[in-house]
Peer 1: 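Structure incoming, see below.
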There are 2 protein chains.
Amino acid sequence: MTDVVTEKPRRGRPPVSDEQRRRQRLDLSRHAVRLFAEQGVAATSGEQIAQAAGVSERTFWRYFPHKESCVEPLLTKMVEAFCVVVRAWPRELELIDHLREAYSPLLDAASDEDIEAVLAVVRLTHGEQALRAAYLMLRERAEDALADVLAERAGLPRDAIEVRVQAAAMSAVLKVATDDVARSAADGVTRETLEGHREQIAAALRGLSQML
Amino acid sequence: MTDVVTEKPRRGRPPVSDEQRRRQRLDLSRHAVRLFAEQGVAATSGEQIAQAAGVSERTFWRYFPHKESCVEPLLTKMVEAFCVVVRAWPRELELIDHLREAYSPLLDAASDEDIEAVLAVVRLTHGEQALRAAYLMLRERAEDALADVLAERAGLPRDAIEVRVQAAAMSAVLKVATDDVARSAADGVTRETLEGHREQIAAALRGLSQML
DNA sequence: CGCTTAATGGCAGATGGTGCCAATAAATGT
DNA sequence: ACATTTATTGGCACCATCTGCCATTAAGCG
């Protein structure tokens, strides 16, 4: 009865906090992305990234299983932002209207630098196949999260076919819109660009409804 | 004026035909997939695949840029089959109805072995991340082809936002349906399973229209 | 059979990535 | 202060992935 949350009279050095680890990954991620953009993925070695971030190559490979997954921390920020918005989607509102309401505050929350970096990565994924593959894998993970939210809203199991189709379609729309905004924001991202992004999504969702 | 199709009084050994090359790739692909399924991707080395197919490791790497791209020839068969159907989609018919008409004959055309192999690969992509990434990349290439067809139908440029959204959404639907049929056909594929697949797609497309 | 060109195979080498172990860092107990 | 315990780090050896280079072989043609 005493092990509801198993007792842990911890003894040695405690593991670093998840927060700390996240920061470290993000730091490595920034260096990696900068180098990727400057000289290409293929021409950037793991050793180089490690050196730029001031850790040994060995620990670098402990933080990232593959070179391309260096983009993950940055991109995750983006998809998580979207998941937060979707999760807050009130039942009585149209998705488009909810986006208009909830998206702007979210943009204020993220730092301009991060937004710029994320868009840079998305642009990179077009020339660099390895990065594109990593990007698509990440989007599929996001799709699962989206499916969870949609399932809860609809009161259906998360692997119901309707739920998965809707999640996949929404995710696909978001992908197109994101690629588009990244392309059009090639030099400098403005508030107008981002609001354009929101409208892009809205228009795309509207377009979906005309499909059949 | 004499170089409309540059004159080629060919001299030495002629390059192998594209057909021949395609066959070779497909053969390597089959061996690779079998090994992947038997012992996992990570545990299967390029040397092993080459040996199984009876070529040197060096030439194996000439046929495939990465180990995971061994699944490409098989999967391409699948997406090309779908593209053919879409291309033949008459303007006056609903897509669902067209699928019902055109899909069955197509199933007869492909060999049972190949269909089985394709589904096996799709199943593999769920446990093997590297394969999943390759799969998603291929699907995106197929999405482009789909966009071309849709653009022509709609009389819009191929990079119009509506076209790309529609292509992305259709592709996403097809992905869900394909994953589902692969899972449900885990042991032995029957004609019922495949017709189920077609209905799966139809239902999914119908579901899409209810999205908003 | 010589000539020309394409495909192949073998070998060296750089990079990606992992397992193992010693060294160090951060906590607690005495 | 010091020993003890545990987590992280770095160094090293090692296998796999993939490429460049060159010699060899194969396939056509006069």
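Because the structure is a prediction, the values reported are computed rather than measured. Each chain gets a letter, A, B and so on, in the order the sequences are listed, and its residues count up from 1.
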Peer 1: Does any residue of residues 59-73 of chain B have a heavy atom under 4.0 Å from DNA chain D, and if so, which ones, in number order?
Peer 2: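 The stretch gives B:Trp61, B:Pro65, B:His66, B:Lys67 as the residues lying under 4.0 Å from the strand, ordered by number.
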Peer 1: Atom CZ of B:Arg25 and atom CG of B:Asp27: how far apart are they, to the nearest 0.5 Å?
Peer 2: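 Going from CZ on B:Arg25 over to CG on B:Asp27, the span is 12.5 Å.
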Peer 1: Do A:Arg87's NZ or CZ and the ring of A:Phe82 fall within the cation-pi criteria of under 6.0 Å and 45°?
Peer 2: no
Peer 1: Could you state the atom-to-atom distance from CD of A:Glu57 to C1' of D:dC14 in whole Å?
Peer 2: 14 Å
Peer 1: Has B:Thr59 got a side-chain atom pairing as donor or acceptor with B:Arg62's backbone, closer than 3.5 angstrom?
Peer 2: no
Peer 1: Roughly how many Å is it from CZ in B:Phe36 to P in D:dA16, rounded to a whole number?
Peer 2: 15 Å
Peer 1: Apply salt bridge (charged side-chain N to carboxylate O under 4.0 Å, His left out) to the pair B:Glu19 and B:Arg22, showing each step before the final yes or no.
Peer 2: CA-CA 5 Å; B:Glu19 180 58 26; B:Arg22 229 179 46 85; 3.7 Å; yes
Peer 1: So where does chain B start and stop touching DNA chain C, 5' to 3', when the test is distance under 4.0 Å to a non-hydrogen atom?
Peer 2: C:dT4 to C:dC11
Peer 1: For A:Arg58 and A:Glu47, find the nucleotide of DNA chain C closest to each by heavy atoms; which residue's nucleotide sits nearer the 5' end?
Peer 2: A:Glu47
Peer 1: Could you check how far CZ of B:Arg13 sits from P of D:dT24, rounded to whole Å?
Peer 2: 17 Å
Peer 1: Sub-3.5 Å donor-acceptor pair from the side chain of A:Glu143 to the main-chain atoms of A:Ser171, do we have one?
Peer 2: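 Looks like no, no N/O pair under 3.5 Å.
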Peer 1: Look only at the side chain of B:Thr178 and the backbone of B:Leu174, and say whether a donor-acceptor pair between them is shorter than 3.5 Å.
Peer 2: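 Yes; judged by distance alone, with no hydrogens or angles, the pair exists.
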Peer 1: Check whether any side-chain heavy atom of B:Phe36 lies under 4.5 Å from a side-chain heavy atom of B:Lys67, and answer yes or no.
Peer 2: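 B:Phe36 reaches B:Lys67 side chain to side chain.
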Peer 1: Considering heavy-atom distances to DNA chain D, does B:Thr44 or B:Pro14 have its closest nucleotide positioned more toward the 5' end?
Peer 2: B:Thr44
Peer 1: Verify, without hydrogens or angle tests, whether A:His126 (side chain) and A:Arg132 (backbone) share a donor-acceptor contact under 3.5 angstrom.
Peer 2: no
